[in-house]
Protein chains: 2
Amino acid sequence: MSTDTMTIREMCDAYGVTPRTLRFYEAKELLFPIRQGSRRLFTRSDRARLKLILRGKRFGFSLEDIRQLLDLYNPQSQNLAQMKRAFVLGQERLNDMIRQRDELNIAIDDLRQQLEWGESHITDLTNPQKTAAE
Amino acid sequence: MSTDTMTIREMCDAYGVTPRTLRFYEAKELLFPIRQGSRRLFTRSDRARLKLILRGKRFGFSLEDIRQLLDLYNPQSQNLAQMKRAFVLGQERLNDMIRQRDELNIAIDDLRQQLEWGESHITDLTNPQKTAAE
DNA sequence: CGTTACGTTTACGTTAACGTAAACAAATCT
DNA sequence: AGATTTGTTTACGTTAACGTAAACGTAACG
C-alpha cells in the first residue's frame, strides 16, 4: 500500500516479460511509467495497461492496434465514435481469426491425407518383400 | 510438346507469383531453371517443384523446410532415413498446426465474450435513458 | 573500497519472404 | 529505326517485436 509502484524487475517477474520489452512498450507509448531520476516506476495504471497489452497480444492484435484500443480505457476519450471503431476492430480481428482457423483446418486435413499416403509408402519401403513382390 | 519450357512471365501468369519470387526461389535453390544466355527457361520439373513449394507454403512450411522436402522427390536421394525424417517433419508441422488452431479457438471464444460484453456496453451508451435510469 | 546487482541510453542485429528501384541488354512491335 | 516489352543483375528496403551489445551510472553489500 505504501509502495504503489513497481521497479522494472518486479514488473518483469510479475508479468513474465523482459526489461527490453517494457522499455519498448514505453517507447511505443503503450506504457507511461513515472520517472524518478532516470529510473522507471510502474504504477497501478501501467500494470492494468500491461495486462490489457498481453491479453491483446494473445488475441493477435498488433501493438499499434493495442495502442489505439488502450485509449478507450483512458477517461479522456469517452467517445462513442471511437468506441465503435474499436468494437469494429475487434470484430474484424475475430473474423480474421476465424478465417485463419478455417484455413488451418483445411491445411490440417490436407496434410493428414498426405501423411497417410506417405506412411503406407514408408511402410512398404520398410517391408521390401511386399514391395518387391508387387 | 515442342516447347516444354516456359518463360518467367508464363510461369508467373500460370502460378500467380511474381518474377522476383521465382528468382528468389532459384537463389534459394528451390528451382533450377535452364539458362539460355541470361534468360531462364523453366522446365516441367521446375513446374512440379513450384507446385510442391506452393502447396508446402499453404501447409505453413518454411522455404527451408520445403527445400529439404523437395530433395525427396529427387531421384538421387532414395534414402529411407531421409524419407522418415521428412515424414517426421510433416508430423511435427501437423502438430504445430493443430496446436495453433486450438489456441486460435480459445482466443476466438475469449474474444467473442469480450465483444458481447462490449456490445451491451455500446448499446447502453446508444440508449442513454436506460443507462441513466440505472 | 571493490564487486556485484540493477539500472540507464543508444543503436545495430534478427527473421522471412520477398518488394522496389536502378541501370542496363535484348527482342519484338509498329 | 524508334519505342515498347520483357528480361537481367545487384542491392537496399520493408515489417514486427523485440534481442543483444556497448558503455556507462549508482547503490547496497561485505
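Protein atom CD of B:Gln36 is 12 Å distant from nucleotide atom P of D:dT8, rounded to whole Å. Rounded to whole angstrom, the span from the CZ atom of A:Phe24 across to the C1' atom of D:dA17 amounts to 5 Å. Rounded to whole Å, the distance from NZ on A:Lys28 to P on D:dC18 is 11 Å. Between the CG atom of A:Asp65 and the C1' atom of D:dA17 there is a distance of 14 Å, given to the nearest Å. Put simply, CG on A:Leu30 is 13 Å from C1' on D:dC18, counting in whole angstrom units. Atom pair A:Leu50:CG and D:dC18:P shows a separation of 11 Å (rounding to whole Å applied).
To the nearest 0.5 Å, the span separating CE on A:Met11 from CG on A:Leu50 amounts to 5.0 Å.
With sequence neighbours excluded, the residues satisfying salt bridge (Lys or Arg N to Asp or Glu O under 4.0 Å) with A:Glu64 are A:Arg67. By the salt bridge (Lys or Arg N to Asp or Glu O under 4.0 Å) test, B:Arg20 pairs with no residue at all, sequence neighbours left out. B:Arg39 pairs by the salt bridge (Lys or Arg N to Asp or Glu O under 4.0 Å) definition with nothing, not counting sequence neighbours.
Dashed line: the shortest gap from a side-chain N or O of A:Thr18 to OP1 or OP2 of D:dG19 is under 4.0 Å. Taking side-chain N and O atoms only, B:Tyr25 has no distance below 4.0 Å to OP1 or OP2 of C:dA17. At C:dG19, one or more side-chain N or O atoms of B:Thr21 fall inside 4.0 Å of OP1 or OP2 (strictly under the cut-off).
Side-chain contact check for B:Asp4 versus B:Arg47: some heavy-atom pair is nearer than 4.5 Å. Put simply, the side chain of A:Arg55 does not reach to within 4.5 Å of the side chain of A:Phe61, judged on heavy atoms. Using a 4.5 Å heavy-atom threshold, the side chains of B:Ile8 and B:Phe42 count as touching.
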Taking distance alone, no hydrogens or angles, what donor-acceptor pairs closer than 3.5 Å link side-chain atoms of residues 21-31 of chain B to residues at least two apart or in another chain?
from: B:Thr21; atom 1: OG1; to: B:Thr18; atom 2: OG1; distance (Å): 2.9
from: B:Glu26; atom 1: OE1; to: B:Arg40; atom 2: NE; distance (Å): 2.5
from: B:Glu26; atom 1: OE1; to: B:Arg40; atom 2: NH2; distance (Å): 3.2

| request: Would you mind building the protein contact string for nucleotides 4-11 of chain C? One character per nucleotide, 5' to 3', B for base within reach (heavy atoms under 4.0 Å), S for sugar-phosphate only, - for untouched. | output: ---SBB-B
Protein-nucleotides 13-16 of chain C N/O pairs under 3.5 Å:
none

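At distances below 3.5 Å, at least one donor-acceptor pair connects side-chain atoms of A:Glu10 with backbone N or O atoms of A:Thr7.
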